[in-house]
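See below for the structure under consideration.
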Amino acid sequence: MAIKVRFFASLREQTGISRKQIAADGLETVSDLWLAVTEAPLDETTLVAVNKTYVGPDYQITDGDEVAFFPPITGG
Amino acid sequence: MAIKVRFFASLREQTGISRKQIAADGLETVSDLWLAVTEAPLDETTLVAVNKTYVGPDYQITDGDEVAFFPPITGG
Amino acid sequence: MIPVRIELRKTGFDGFAEVQEYRKSIPAVSDYGACSNFVGTMREYNQGDQVVSMYLEHYSGMTEEQLEAIVGKAQNDYEVLAALLLHRIGEVQPGEDIVAIAVWSTHRKDAFAACRDIMEALKSTAPFWKKEQLQNEDRWVKNNSPGQ
Amino acid sequence: MIPVRIELRKTGFDGFAEVQEYRKSIPAVSDYGACSNFVGTMREYNQGDQVVSMYLEHYSGMTEEQLEAIVGKAQNDYEVLAALLLHRIGEVQPGEDIVAIAVWSTHRKDAFAACRDIMEALKSTAPFWKKEQLQNEDRWVKNNSPGQ
């Protein structure tokens, strides 16, 4: 399946990836996706959104999803 | 002793008095003063200030005081 | 001395314009990161009746002293870097602003709390009285409800 | 439909001027008697360091949706007669405003609570990230402290 992965802020700089299309066959959750892309376990401070909605680390990804990873937010 | 009495808002209209100089000899408290001027007991909702500071009903008046009586405040 | 302005105003004002203007008088790039601002405006209807206009009576001298004490207490209780408190007196029309409060602080917690406390204290201890002119009669507003 | 404006802005603004302008677009004499307004401003110093400028990153699409959900929740929890939420994005200089929130209600209790809740929710759920340019290095701001 095709997943669009996005990283923001410090995670974008650390991974060197802003947005990337992934053939995520065999991956089930957003945690699996993170591990496949970064080769490290998902940190609990990292926030995850699928199709622009916050999800937990066990959220199941499906074909066409846009999955975004970002650090704690600092707006306002 | 000479006391300056002032009434504000609805109390000014009810008493017909805005400000009045009183020879308050024999009066001890602001409650006594109210009774002498209005011929009724001081209502507990009425606020009292002596020399522009809030006081309780038993506050002792002294020569030269400015004593103000007013209803609950409604600013803001 | 931190900048504080407390003022009773006889004529109409726009609360937000006043806060904007006041901010220009305090250091432009300062340590303040947060401003909590409250503007109270005269409504056209009160207790189900249309209010044509309103008269705001005060106790000259005592009202100013109370407002200073109220802002002083907020400065004591919170980090206040600058404050503005402006209150209308005299004849007021519906839609006109009655009160504007603005408190600057480093962070939002103190700014919000100080602004809120000043407003509550003003409603309960500053000598102002509202007389409403309805279409067929006048009436004194009875009292302010705490925290509403 | 109550008037609500939510906007991300790339260029500098004066939060109070924006609230003043916005108010002109809602009914002049309305039922609102109270407006609680918050303006957050970029400080020159953060964590002891002088900050030369700042970059505000956001997640286009999601940020707007989150802000709409935040204001929607406040409308659900409180009486909100009108609301403005304006947030800066991109390059920001010290002394410039970052966020302006204004909530109009009949009485002060709901106005204060809604404005405060919107600000807290924005700080905890709206995707924005601050990168500070110091004199010799850049750094990402680590996190927002709840309620501060």
Side-chain angles (χ1 to χ4, degrees), chain A residues 1-22 24 27 29-34 36-38 40-76, chain D residues 8-9 15 38-43 46-47 51 54-70 85-90 92 97-101 115-132 138-148:
Chain A
M1 61 184 167
I3 299 291
K4 184 201 263 185
V5 187
R6 302 185 65 174
F7 294 91
F8 287 90
S10 55
L11 295 185
R12 176 173 42 71
E13 293 187 352
Q14 284 160 30
T15 60
I17 301 168
S18 173
R19 55 180 85 201
K20 188 176 186 178
Q21 203 77 17
I22 306 270
L27 303 181
T29 67
V30 293
S31 295
D32 295 340
L33 182 67
W34 170 275
V37 177
T38 68
L42 182 62
D43 187 283
E44 62 181 12
T45 68
T46 298
L47 299 169
V48 189
V50 173
N51 303 326
K52 297 175 179 166
T53 299
Y54 285 108
V55 299
D58 298 328
Y59 186 90
Q60 305 272 327
I61 50 177
T62 57
D63 187 46
D65 279 345
E66 171 173 307
V67 182
F69 297 100
F70 41 84
I73 61 172
T74 55
Chain D
L8 301 179
R9 185 80 64 87
F38 179 83
V39 174
T41 304
M42 183 182 161
R43 288 178 296 128
N46 192 24
Q47 299 174 308
V51 184
M54 188 169 77
Y55 187 79
L56 257 167
E57 183 170 332
H58 75 291
Y59 182 177
S60 185
M62 181 170 176
T63 304
E64 292 89 330
E65 282 177 23
Q66 285 294 312
L67 294 179
E68 276 165 35
I70 287 166
L85 198 175
L86 181 58
H87 202 291
R88 189 73 184 276
I89 53 174
V92 187
D97 290 339
I98 296 168
V99 57
I101 298 168
C115 183
R116 179 76 213 236
D117 279 13
I118 289 171
M119 188 59 196
E120 289 309 308
L122 185 155
K123 283 265 183 185
S124 68
T125 69
F128 291 106
W129 302 275
K130 288 173 180 162
K131 188 175 196 178
E132 295 176 335
D138 292 355
R139 69 178 176 202
W140 290 97
V141 177
K142 286 269 183 285
N143 52 258
N144 283 333
S145 309
Q148 293 202 337

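Sequence lines set the chain letters: A, B, ... in the order given, protein chains first and strands last, and positions in each chain run from 1. Quick caveat, the model's predicted, so the values are computed rather than measured.
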Task: Spacing of L11(A) atom CG and W140(D) atom CH2 [to the nearest 0.5 Å] - done: 9.5 Å

Task: Residue part contacting chain A, namely of T63(D), when any heavy atom lies under 4.5 Å - done: neither

- [ ] With the side chain counted from C-beta on, respond yes when R12(A) and E57(D) share a heavy-atom pair under 4.5 Å apart, and no when they do not.
- [x] yes

Open item on the list: Counting only non-hydrogen atoms closer than 4.5 Å, can you tell me which residues of residues 65-76 of chain A sit against chain D?
Closed with: E66(A), A68(A), F70(A), P71(A), P72(A), I73(A), T74(A), G75(A), G76(A)

Task: Toward chain A, the part of I98(D) with a non-hydrogen atom under 4.5 Å - done: side chain

TODO: Give the minimum heavy-atom separation between M62(D) and K52(A), together with the two atoms involved.
DONE: CG-O, 3.4 Å

Task: H58(D) vs F8(A) side-chain heavy atoms within contact, under 4.5 Å - done: no

Task: Residues K131(D), E13(A): salt bridge by 4.0 Å N-O rule - done: yes

- [ ] Any chance you could lay out the side-chain contact (heavy atoms from CB on, under 4.5 Å) test for Q66(D) and Y54(A), step after step, and finish with the verdict?
- [x] CA-CA 10 Å; Q66(D) 285 294 312; Y54(A) 285 108; 3.6 Å; yes

